[in-house]
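Everything on this sheet refers to the single structure shown next.
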Amino acid sequence: PHSITIGNITLDDIHHEMEDKQGNVWCVGKDGVYKVTKHTRPFTYVDEVARKTVRCMYRDMKGRIWVTSKDNENGEVAVFDKRMNLIGYLGQDGKLYKGHTPFCDIFTIMHDKNGFIWLGSKPNGLFRIDEEGLFSGRGKMEHFFPKTTIYDIKQNGKGEIWIATHGKGICLLKNGLDSNPTLWSLYDQKNIGYPKECDKVRRIIFKDGLMIATTTSGLLVIDGKMNVNHHVREASRAESLTTSALMDLLFD
């Protein structure tokens with residue numbers, strides 16, 4: 001028998017101790033079995049973000065962190081540097097402010113190869129900001145498709161910007177650098193076999209030349225020639241999806 005001290009804890013008359021894969025120490029003594037947890041996972045609130053629903057967190061190409069949140073009818077976009085020091089809150093005029101500033105409900109952000117920041121909202125459409133202008137104080141906000149709900153924005157290797165919408169399926173942003181871009185919806189194309197039930201899209205990922213999208217009615221896999229494969233839950237096949245209502249997708 002011996003004593004064991006872990007941190008500020010001392011246990012006497014210990015006959016055996018072991019450490020498990022989580023780092024907990026288990027001790028067997030005359031009074032029973034003790035479990036000592038050495039590792040804690042401390043957290044602190046980011047006080048600059050109000051304690052309400054956080055919709056999106058995004059690291060842009062310069063390492064800045066964008067955090068969007070929503071409380072009832074008011075959305076907010078906070079921008080931090082790479083060390084999580086507050087840069088400012090995005091205003092509806094495309095400028096950054098030091099105090100809390102209302103914006104709208106932003107679900108997705110994307111920093112494109114041309115230096116634009118794109119923000120997708122529900123249900124207020126798409127916003128575009130010139131990154132250089134925003135951080136030099138000459139911000140200008142452009143607003144497109146004001147009645148569209150947008151859940152995701154992605155740019156592929158060709159520089160094309162694709163948008164996941166609620167109601168219009170997967171859309172390609174055409175003339176994205178112009179002042180009057182348009183949305184070309186795969187949902188409206190009758191010759192590619194896009195499933196009509198997949199009008200509500202949550203996430204788009206590009207992988208090995210494929211576009212893969214999660215929808216409320218299954219998984220879409222689309223090749224470069226716009227051939228569409230639609231995967232759904234099949235009750236009689238064990239290898240099928242557990243459910244057709246998909247929220248997100250991750251490649252490890």
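The structure presented is a predicted model; accordingly, all values stated were derived computationally and were not measured.
Each side-chain hydrogen bond (donor to acceptor under 3.5 Å, both in side chains) pair with one or both residues in residues 181-201, not counting sequence neighbours, would appear here, but there are none. Among residues at least two apart or in separate chains, side-chain hydrogen bond (donor to acceptor under 3.5 Å, both in side chains) pairs with a member in residues 213-225 are D223-N227.
Shown here are the ring pair (Phe, Tyr, Trp, His ring centres under 6.0 Å) partners of H143, two or more places apart in sequence or in another chain: F127. In terms of the salt bridge (Lys or Arg N to Asp or Glu O under 4.0 Å) criterion, residue partners of E131 (sequence neighbours excluded) are, by chain and number, K62, R64. Remark: F135 pairs with no residue by the ring pair (Phe, Tyr, Trp, His ring centres under 6.0 Å) rule, at least two apart or across chains. Partners of D31 according to the salt bridge (Lys or Arg N to Asp or Glu O under 4.0 Å) rule, which considers only residues two or more places apart in sequence or in another chain, do not exist here.
A donor-acceptor contact shorter than 3.5 Å links the side chain of D112 to the backbone of G115. Remark: side-chain polar atoms of D12 are not paired, donor with acceptor, to backbone N or O of S3 under 3.5 angstrom. Judged by distance alone, the side chain of S244 and the main-chain N or O of R233 form a donor-acceptor pair under 3.5 Å.
For the pair K207 and F251, the cation-pi criterion (under 6.0 Å, within 45° of the ring axis) is fulfilled.
The side chain to side chain contact (heavy atoms under 4.5 Å, CB included) with C56 is formed by just one residue from the set V77, L119, I109; it is I109.
Taking hydrophobic clusters as Ile, Leu, Val, Met, Phe, Trp and Tyr residues chained together by side-chain heavy-atom distances below 4.5 Å, L172 does not share a cluster with I161.
In this structure, I65 and Y58 have side chains that are not in contact, with every pair of non-hydrogen atoms separated by 4.5 Å or more.
The aromatic rings of H100 and Y89 are tilted relative to each other, their planes meeting at an angle between 30° and 60°.
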Trace of the salt bridge (charged side-chain N to carboxylate O under 4.0 Å, His left out) decision for D248 with R203 | CA-CA 6 Å; D248 210 343; R203 187 73 67 232; 2.9 Å; yes
